Amino acid sequence: MIGRYWAICQRDLLAAWRRKAGLYQPLVFQLLIVTLFPLGLGAGAQTLSKVAPALVWILALLGTLITLEHIFKDDFEDGSLAMYVRTDLSLPLVVLFKALGHWLMVGLPAVLFAPVVAVLLHLPESAYGVLMLSLLLATPIFSLMGAVGSALTLNLRSGGLLLSVLVMPLLAPILIFGAGAVLETSLDNSAKGHLLLLSGSLVLTLTLAPLAAAAAIKVNLE
Amino acid sequence: MIGRYWAICQRDLLAAWRRKAGLYQPLVFQLLIVTLFPLGLGAGAQTLSKVAPALVWILALLGTLITLEHIFKDDFEDGSLAMYVRTDLSLPLVVLFKALGHWLMVGLPAVLFAPVVAVLLHLPESAYGVLMLSLLLATPIFSLMGAVGSALTLNLRSGGLLLSVLVMPLLAPILIFGAGAVLETSLDNSAKGHLLLLSGSLVLTLTLAPLAAAAAIKVNLE
Amino acid sequence: MQQIELNNVVCQRRGEALFKPVSLTVGRGELAVIAGPNGSGKTTLLECLAGLAPFASGQCRYKQQNLASDWARESHYIGHKLANKAALTCLENLHFALTVSGHRIDENQLLDTLEAVGLAGYEYQLASELSAGQKKRLSLSRLLVMDAPFWLLDEPFVNLDHAGCEWLYQVLSEHIGQGGAVILTAHDQKKIHEMAHHHIELEPAS
Amino acid sequence: MQQIELNNVVCQRRGEALFKPVSLTVGRGELAVIAGPNGSGKTTLLECLAGLAPFASGQCRYKQQNLASDWARESHYIGHKLANKAALTCLENLHFALTVSGHRIDENQLLDTLEAVGLAGYEYQLASELSAGQKKRLSLSRLLVMDAPFWLLDEPFVNLDHAGCEWLYQVLSEHIGQGGAVILTAHDQKKIHEMAHHHIELEPAS
Amino acid sequence: MNKLVKLYHTLGSPPSFYRIAGYFLTPLLLLALGLTAYGLVDGLFFAPIDYQQKDAYRIIFVHVPSAWMSMFIYAMMGIAAIMAFVWRMKVAEAVMMASAPIGAAFTVITLVTGMLWGKPMWGTYWDWDARMTSELILLFLYIGVMAMYAAFDDDPRKAARLTALVAIIGLVNLPIIHYSVEWWSSIHQKSSVKLTGSTGIKDWDMLRPLLVMAFATKFYYGYSMLHRARSYLLHTESQKQWAQAALGLDTPKKQNKEQSNG
Ligand code: HEM
Ligand SMILES: Nc1ncnc2c1ncn2[C@@H]1O[C@H](COP(=O)(O)OP(=O)(O)OP(=O)(O)O)[C@@H](O)[C@H]1O
Ligand SMILES: Nc1ncnc2c1ncn2[C@@H]1O[C@H](COP(=O)(O)OP(=O)(O)OP(=O)(O)O)[C@@H](O)[C@H]1O
Ligand SMILES: [Mg+2]
Ligand SMILES: [Mg+2]
């Protein structure tokens with residue numbers, strides 16, 4: 001049974017891989033912004049390391065945001081979403097696995113890539129661990145909330161930006177906890193509270209987001 | 001004659017207006033990032049005002065980047081690009097007016113909106129004038145170079161990111177001049193040199209980018 | 001009885017009824033053709049039947065019950081949107097459709113099916129690089145492997161060449177012969193009207 | 001002579017020739033039908049003719065010259081992609097097509113044209129909200145107002161209902177009668193073959 | 001209990017909601033106008049000067065009531081959204097969609113008055129203080145709700161259902177914002193002037209105009225929301241007989257039809 005859901009996720013990964021673009025470009029995108037930022041800043045290591053946590057987080061968020069639109073839109077446009085809905089698959093689970101596919105493509109690489117960005121931005125080394133851990137907790141939330149947004153804006157031509165507008169306010173608190181955690185660590189404080197909050201949010205989104213997205217899809221297909 | 005090109009631009013604006021989304025959302029998107037950055041930063045006015053020029057610029061660039069993809073892609077997908085190519089319109093001029101349409105929708109609002117962002121980020125007031133002037137010179141370059149990128153990536157499904165990767169390195173110098181100009185002014189130096197460089201780049205792109213994009217479209221339609 | 005019953009159903013778009021109430025009962029072994037001029041609501045009716053949109057009024061029942069997951073599983077819908085994934089090859093497309101709908105998969109059977117629909121030699125070509133008729137054939141190939149008794153087909157003959165139409169006639173009549181049922185829309189296909197057990201002509205609501 | 005001449009042309013996809021070399025001369029007042037099974041290269045041939053892709057070999061000449069802006073202006077191509085803008089209404093779509101191609105615009109004429117193609121009452125409906133056949137009609141309406149002598153039509157009968165097909169036959173024969181020329185592809189339309197002056201059957205290259 | 005159920009059903013049907021809401025419009029508007037006039041005059045001219053902030057503090061009589069309203073209205077909108085989504089109540093849809101622009105307007109007023117106040121008090125228009133940020137996020141939530149509805153201009157029913165979903169999801173965000181505020185302020189000692197806090201105002205002469213204004217804004221919300229909800233219902237139900245009757249288009253068409261049938 002799980003195999004059938006997994007097939008959806010696998011198929012998305014395969015299609016992304018085919019287009020090649022899908023896989024390495026969010027990373028290149030991130031890297032480019034990280035390069036551009038110091039260029040625009042024209043500043044030394046000090047200012048950079050101060051803004052580093054915020055920047056890493058904004059980057060992870062952006063990389064996710066610009067790719068969200070397609071989570072469901074492509075499936076809707078070529079008619080395969082109608083196909084899923086008509087099988088006996090549970091729609092919330094389909095959403096979950098679509099989000100998993102998105103996370104594997106965009107979220108996970110961002111997590112693995114974070115240390116590189118951190119080095120480029122002179123983040124204190126002590127904070128690397130917490131940076132990665134917090135990203136690991138937060139990126140699935142991004143993908144899940146993104147799935148909700150994507151489901152809501154399915155049949156809008158330029159849903160991309162509306163999507164961001166819908167999703168960003170919901171992700172702002174996550175950003176606060178996450179960047180806060182890194183900041184605390186780099187100031188040698190404990191980041192436990194922040195990480196706990198992140199975990200809590202993750203659990204909450206894991207349970208609620210698939211339901212919300214499934215409801216949105218149902219309405220949209222009507 | 002110009003009326004016919006203007007019709008293309010007008011049509012894009014109308015379509016964007018129809019979708020409602022198109023018009024005000026790049027702004028909201030910018031505003032959102034401006035909000036998120038200090039949130040992630042958790043920092044006071046001092047650090048913010050230091051990174052402000054860089055951030056305003058990166059934002060203008062991003063707002064442009066995420067909307068670039070559609071400059072030609074929509075026209076390509078519904079077959080109207082093939083229609084333009086088959087009229088006696090000069091393709092470079094078509095490109096110019098498509099870029100104009102994009103600029104009016106995304107670039108111009110970003111320029112007008114810059115002071116608001118600047119206030120939010122505590123940029124010194126003396127720098128507002130130069131900020132807007134430099135953005136006014138640079139955003140058309142973004143749209144034009146973006147049109148080239150969009151033309152190059154026409155028939156790729158997820159061209160959006162490839163597009164960014166192609167276009168960003170070309171726009172990095174613009175970013176350096178632009179943010180540099182603002183930085184200099186906020187340090188009470190003259191920004192004349194930077195602004196001249198920007199004007200030069202604008203003239204150069206105005207002449208070359210339409211030709212390059214037209215060539216790319218021709219190749220892509222084959 | 002395994003039959004789908006429409007009782008005075010009406011579909012709507014933008015809040016307006018599209019056609020006069022329609023009643024229809026299609027049981028196993030029957031073929032129903034829905035006809036009507038452009039814009040009369042054939043596609044909309046099929047979409048409602050496929051459960052992708054609600055009926056505006058009237059009852060629609062399958063096995064004496066309201067449409068439910070039973071119906072979704074035992075019917076297969078192919079609309080104007082063909083549900084082929086552009087970035088996958090023909091073989092992968094078919095494979096995926098089967099996996100998702102929970103069927104056992106046998107590679108050889110898949111290859112045979114693709115050959116039967118005339119896509120031999122295109123197994124490893126991306127769906128985005130097929131011709132219009134080939135895309136149609138690819139989506140029709142799903143019918144052959146999904147073994148749903150009820151087929152809902154929106155203009156299935158469009159884009160097919162002469163041989164393709166002949167083949168589809170044959171597939172349809174075999175399916176019906178084996179106790180399947182088909183509801184389809186078509187313009188100007190005399191032959192399908194000769195085969196059909198039920199003819200529905202959608203008439204403007206007012 | 002105002003005629004389009006194809007001399008042993010071949011089109012290719014992924015580097016392989018699609019069909020045996022084709023020769024054809026279509027002058028004013030003539031209708032040519034391109035036939036062939038699915039995937040034989042009809043669409044590709046029309047796209048090359050429309051100047052959207054290069055021929056792999058052979059010559060294609062118009063007015064004794066290689067294809068140039070003359071040809072682009074005097075021919076109109078409607079392919080599988082209909083070139084309707086989803087976010088514009090029918091009227092706006094037609095208006096835009098005319099403006100861009102540099103024609104004078106007369107609102108009443110536009111309304112009449114839409115009525116002629118059967119879209120009366122849909123003038124202010126978005127193109128994305130039309131039925132399949134209505135979309136087709138909208139793109140065909142461009143033919144009526146653009147007064148290009150050469151029409152290149154890829155499966156123009158697809159999705160049209162019976163009345164729509166009849167109407168299109170009539171439009172085609174009037175156009176030819178008035179000295180226009182048409183090159184189109186079609187499957188299984190006997191009537192069009194009866195009208196045609198030239199029949200091209202694409203044969204596999206090898 | 002039975003009466004409550006009955007009231008629920010009466011209010012739940014668009015025509016009777018339209019009718020009943022109609023009775024409330026004028027009184028609500030008059031109350032709102034009167035109280036606002038009184039509150040402003042009292043607050044701007046008669047309330048005592050604050051020894052610390054001088055006259056600048058008087059902006060409080062606009063700022064604080066609208067800040068309260070911005071949150072109150074979101075809550076109302078969220079409740080209406082739940083009713084709209086779960087029971088598919090048209091009236092709830094109307095209330096939801098009518099509330100959004102009013103709430104957004106109050107949010108903007110809060111932000112603007114806050115910024116104007118911030119300049120003399122803190123020396124800057126804007127600081128990334130928790131309260132300001134969360135208010136800004138609230139504005140985005142409102143914008144999201146309205147943008148979602150606007151994006152589906154063709155199908156109001158579908159638009160309303162999806163918008164309800166957005167509003168509900170945003171509701172989940174409200175407590176999160178609240179707690180994030182607490183967390184945040186516990187990390188950073190505030191560099192800025194602390195907000196006075198509701199306990200700060202002891203003087204009845206200061207409190208009175210504030211409370212009056214708070215009631216005035218509530219009444220205004222009631223008036224404006226009912227007004228918008230009514231026109232929303234008229235708009236979406238314009239096909240129905242009651243709406244046409246309300247619009248004065250008393251269906252001569254239908255009578256004709258009946259005659260021709262007969
Ligand atoms: C843009 C800037 C500002 C924003 C977004 C803002 C937002 C808010 C909000 C949302 C509330 C309601 C809080 C609640 O009821 O829980 C509030 C209350 C209040 N604000 Fe502001 N504010 C801003 C600037 C200021 C400034 C500069 C002052 C004065 C120094 C100020 C003084 C107050 C006071 C006294 C209250 C009442 C507090 C209470 O009753 O709990 N605000 N503000
Ligand atoms: N998305 C939509 N929004 C609003 N109206 C629509 C939409 N899609 C179709 N319509 C309208 O609904 C009516 C019925 O459309 P439908 O697609 O069901 O027709 P059809 O019978 O399938 O026509 P065809 O033979 O052209 O395929 C048409 O008048 C069309 O304009
Ligand atoms: N984008 C593409 N890339 C590679 N090959 C393609 C592409 N499009 C079509 N082909 C292949 O080229 C051949 C000719 O396609 P074409 O679309 O011209 O056929 P057609 O005669 O129009 O068929 P139909 O009757 O189905 O419309 C087909 O075998 C198809 O697989
Ligand atoms: Mg149809
Ligand atoms: Mg073809």
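Quick note: numbers below take in every heavy atom, side chains included, and nothing from hydrogens, waters or symmetry partners. Every chain is numbered from 1 and lettered A, B, ... according to where its sequence line falls, protein lines coming before strand lines. Every value quoted in this text rests on a predicted model; they were computed, and no experiment measured them.
Within a 6.0 Å radius of CD in D:Glu201, other residues, nucleotides and ligands contribute more than 12 heavy atoms.
At a threshold of 4.5 Å between non-hydrogen side-chain atoms, the residues C:Glu129 and D:Arg14 count as touching. At least one side-chain heavy atom of C:His80 sits less than 4.5 Å from a side-chain heavy atom of D:Asn159.
Closest approach of D:His162 to C:Asp188, counting heavy atoms only: ND1-OD1, 2.7 Å. Across D:Ser131 and C:Gly39, no two heavy atoms sit closer than the pair OG-N, 3.3 Å.
When heavy atoms are compared at a cutoff of 4.5 Å, D:Leu160 approaches chain C by way of both its backbone and its side chain.
Looking only at distances, a side-chain donor or acceptor of C:Asp161 sits under 3.5 Å from a matching main-chain atom of D:Asn38.
Heavy-atom proximity under 4.5 angstrom to chain D picks out C:Arg137 from residues 136-151 of chain C.
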